[in-house]
Amino acid sequence: MPVDGPVMGHATLNGPSAKKNKAFVTTDAHRRQKLRRAPAADGCRHAHGSADRHQPHHHGRLFLRDRLASSLPPTTKTMPGTWSASEHLRVLSSALELSATLPYTAGVHLVSGDDLGVYYHTGGDAGETRFVDFCAPAEGDVAQLAAACAPASFGLGPADVLDERYRKAGKLDVDKFAARLDVAASGILEAVTPYLLDGRDADEQDAVLVAEMYKLNVYGPGSFFKDHKDTPRSESMIGSLVIVLPSPHTGGALTLSHGSHTGRFDSSALLSEHSAATPSVAYVAFYSDVVHAVEPVLTGHRVTLTYNLFVRPRARAGYTPGSRIVPAPEQALETALRALIAEPKFMRAGGLLAFGLSHQYPARTAAGKTAKEKDKTAADTIDNAGDELNTGSHAYLRGVLKGNDARVRSAASRVGLGSFVRLVYDTEEYSWSKRKPRQVMAGSQMELEWLDTEFNSLSRAMKRRGRVLVAQDAAGHAGRLSPRSDDDEDMEDEDDGDAEGGGDPVDCQWVTPRRKHNETASRYMATGNQATIEYIYGDAVLFVVVPPLGKKGTPREEVTPSESDVEEDPEVKGGDDEEEDTMDEDDEEEDEDEDTE
Ligand SMILES: O=C(O)CCC(=O)C(=O)O
Ligand SMILES: [Fe+2]
């Protein structure tokens with residue numbers, strides 16, 4: 001991870017030493033490029049503590065237009081009112097890029113001296129209970145605590161592994177210690193919540209973070225933890241919180257990276273400014289899909305309390321709809337979405353906007369276990385075939401969407417558009433066929449059974465049970481099927497009355513690309529020369545439903561084509577008027593997780 005190179009420092013602290021301390025720095029390749037274009041425009045909401053985040057973004061607003069405009073081709077007309085659908089689409093994806101925030105937050109938090117006590121048990125029958133006061137810890141006390149620790153393992157596939165080439169640290173499980181610090185009462189949870197639950201509107205803000213104590217770790221001299229992601233403990237787990245207690249040490253900075261965002265959190269430097277007179281802890285909270293590592297500790301002991309962070313619904317009391325101030329890039333996202341669906345030439349018959357999820361999520365399995373737990377007990381029987389993530393709905397993902405994924409969903413819902421998460425598979429085609437592989441969006445239930453791969457029934461089964469996505473190409477051309485084109489001739493003979501969940505092909509405009517990081521394997525029993533268990537992989541994608549023009553009760557109710565719209569938009573050929581091929585809400589009625597407000 002290129003985190004130690006020259007960095008463009010934003011002090012990213014919520015704590016008292018924020019501005020002068022370079023101990024937490026962030027870099028962001030994209031952002032740096034953009035800053036070159038619009039120097040004063042950036043950083044408003046990322047660079048400072050929570051006090052700044054809901055301030056009006058004057059600078060951001062001033063430059064946002066330029067920054068969005070720079071994503072458009074030079075031929076673009078200057079008046080937004082004259083933009084074509086493909087120009088709105090480009091604004092949509094660049095607004096999303098500008099909305100992305102750091103997927104973690106960190107700082108120093110003042111606590112009371114009494115909060116810094118830790119009791120622990122030395123283990124074994126002859127063990128005893130001891131106490132360390134981290135307000136002014138004696139090095140001997142901390143060394144004793146280190147000695148009481150067992151070696152810390154890490155998750156590798158389904159197993160917990162001890163390997164000091166990867167992780168060298170000591171740990172105490174929760175039954176071996178009690179820390180006096182209460183992360184909720186101390187205000188630390190409150191400090192991290194706006195960051196980790198960012199992007200949600202009032203309906204979705206009806207959620208709170210809950211921290212569950214996970215481990216106490218001691219990193220002595222030479223201890224470290226290489227790049228990893230924390231294992232999700234359940235579907236509602238959104239991230240991790242690490243509290244670094246103020247024992248004297250050097251080294252042991254935490255490095256973090258997600259996409260183009262990287263950061264370095266040097267807790268020892270932060271805490272060295274604090275004394276017993278100002279008792280404090282350093283904290284960092286990050287989404288579970290952030291890759292992170294602990295650099296080697298050089299001197300002393302780095303003692304941490306780690307917590308798993310879950311999203312839970314908040315009690316209805318105190319619920320204040322519409323309380324979120326939507327930052328400028330998110331407003332641009334919403335505006336582009338409104339402009340796009342108001343464009344009569346765009347997807348006349350309706351369709352889907354597809355957003356590859358920017359974060360990774362724990363996979364749901366049939367048994368309600370995490371993929372990791374499931375692996376332990378996976379029996380390769382045909383009963384387990386099928387894609388468990390896709391069984392039933394993806395309702396669970398609604399509550400845990402992170403960062404930009406939550407922003408897309410919020411913007412869609414402000415515009416009045418439904419959205420849902422589905423898996424997208426690539427179908428294979430007959431080896432002798434000249435047809436291109438198709439993408440299939442899995443319906444609410446896709447069960448793959450015995451399939452005769454020689455005769456390509458995998459592809460056919462998927463098309464029957466899911467919906468073929470007809471993607472428009474990058475230039476905005478809709479390589480759109482008419483339902484009875486010869487592209488589809490094999491769908492005809494599939495039409496054997498068993499089309500549970502299947503449907504007509506649906507137009508789909510990709511706004512952000514599919515990514516492999518939510519890839520989920522579906523097992524199926526294939527018969528060729530020999531029966532074998534094979535896998536097909538689907539990627540989770542967030543879809544926003546574009547209703548057909550004039551559809552009652554939708555934001556396109558009033559959008560009707562004018563005379564001049566009958567000519568094709570040269571860039572977007574999304575709209576012929578094939579009745580059969582519409583994507584409207586009736587088709588999606590069984591989708592419990594679709595959210596249309
Ligand atoms: O101690 C830290 O800063 C991070 C530890 C960590 O990554 C873990 O325990 O999984
Ligand atoms: Fe970790």
Side-chain angles (χ1 to χ4, degrees), residues 1 3-4 12-13 23-26 102-109 118 134 142 145-146 149-156 159-164 166-174 176-177 179 181 183 188 192 196 211-233 237-247 249-258 262-271 281-298 300-310 360 362 370 372:
M1 263 166 37
V3 286
D4 276 331
T12 314
L13 296 167
F24 191 91
V25 289
T26 63
L102 299 175
Y104 42 84
T105 178
V108 172
H109 200 85
V118 172
F134 279 89
V142 182
L145 170 66
C149 287
S153 60
F154 58 93
L156 190 67
D160 279 325
V161 175
L162 280 174
D163 183 343
E164 295 212 331
Y166 210 86
R167 182 182 198 185
K168 186 168 184 291
K171 63 123 192 202
L172 288 179
D173 292 327
V174 283
K176 295 284 186 299
F177 74 95
L181 182 71
V183 285
I188 295 171
V192 306
L196 293 198
E212 246 167 47
M213 176 77 86
Y214 181 57
K215 292 274 181 314
L216 180 149
N217 289 111
V218 179
Y219 294 77
S223 289
F224 60 88
F225 194 172
K226 289 194 179 164
D227 273 354
H228 68 285
K229 290 179 189 171
D230 291 346
T231 312
R233 310 277 146 190
M237 181 162 158
I238 195 168
S240 302
L241 169 67
V242 180
I243 304 281
V244 185
L245 296 170
S247 54
H249 65 281
T250 58
L254 177 73
T255 58
L256 308 111
S257 84
H258 181 264
T262 61
R264 187 166 180 276
F265 169 63
D266 188 348
S267 51
S268 67
L270 294 175
L271 289 169
V281 295
Y283 68 88
V284 56
F286 45 89
Y287 290 138
S288 311
D289 57 329
V290 171
V291 175
H292 56 283
V294 181
E295 293 177 355
V297 168
L298 303 174
H301 290 89
R302 177 182 187 271
V303 182
T304 60
L305 303 171
T306 61
Y307 301 79
N308 294 324
L309 295 175
F310 301 89
Q360 193 177 26
T370 62
K372 181 174 170 173

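Remember, it's 1-based here, ligands and their atoms both numbered in the order they're listed. Just so it is clear, the values below take in all heavy atoms, side chains as well, and ignore hydrogens, waters and symmetry mates.
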Short of 2.8 Å from the Fe ion (ligand 2), name each protein N/O/S atom, waters not counted. His228 NE2, Asp230 OD1, His292 NE2
With a 3.5 Å cut-off and sequence neighbours excluded, list the donor-acceptor pairs that the side chains of residues 238-245 form with protein atoms.
from   : atom 1 : to     : atom 2 : distance (Å)
Ser240 : OG     : Asp230 : OD2    : 2.7

Are any protein N/O atoms closer than 3.5 Å to the N/O atoms of ligand 1? If there are, list each pair with names and the distance to one decimal place.
from     : atom 1 : to     : atom 2 : distance (Å)
ligand 1 : 1 (O)  : Arg302 : NH1    : 2.7
ligand 1 : 1 (O)  : Arg302 : NH2    : 3.4
ligand 1 : 3 (O)  : Arg302 : NH2    : 2.6
ligand 1 : 7 (O)  : His228 : NE2    : 3.0
ligand 1 : 7 (O)  : His292 : NE2    : 2.9
ligand 1 : 9 (O)  : Arg167 : NH2    : 3.4
ligand 1 : 10 (O) : His228 : NE2    : 3.2
ligand 1 : 10 (O) : Asp230 : OD1    : 3.0

Once salt bridge (charged side-chain N to carboxylate O under 4.0 Å, His left out) is applied, do any residues pair with Asp173, and if so which ones, sequence neighbours excluded? Lys171, Lys215
Would Glu295 and Arg264 pass as an ion pair if we require N to O under 4.0 Å? yes
CG/Leu181 to NE2/His109 distance, rounded to the nearest 0.5 angstrom? 8.5 Å
Heavy-atom pair with the smallest gap, counting every atom of Gly251 and Asp266: O-OD1, 4.5 Å
Look at the rings of Phe225 and Tyr166 and say which category their plane angle falls in: under 30° parallel, 30 to 60° tilted, over 60° perpendicular. perpendicular
Just verifying a value: how many Å separate Phe154 CZ and Asp163 CG, rounded to the nearest 0.5 Å? 5.0 Å
Between Cys149 and Val218, the two heavy atoms sitting closest are SG-CG2, 3.7 Å
Using the six-membered ring wherever Trp is involved, compare the ring planes of Phe286 and His292 and label them parallel, tilted or perpendicular (cut-offs 30° and 60°). tilted
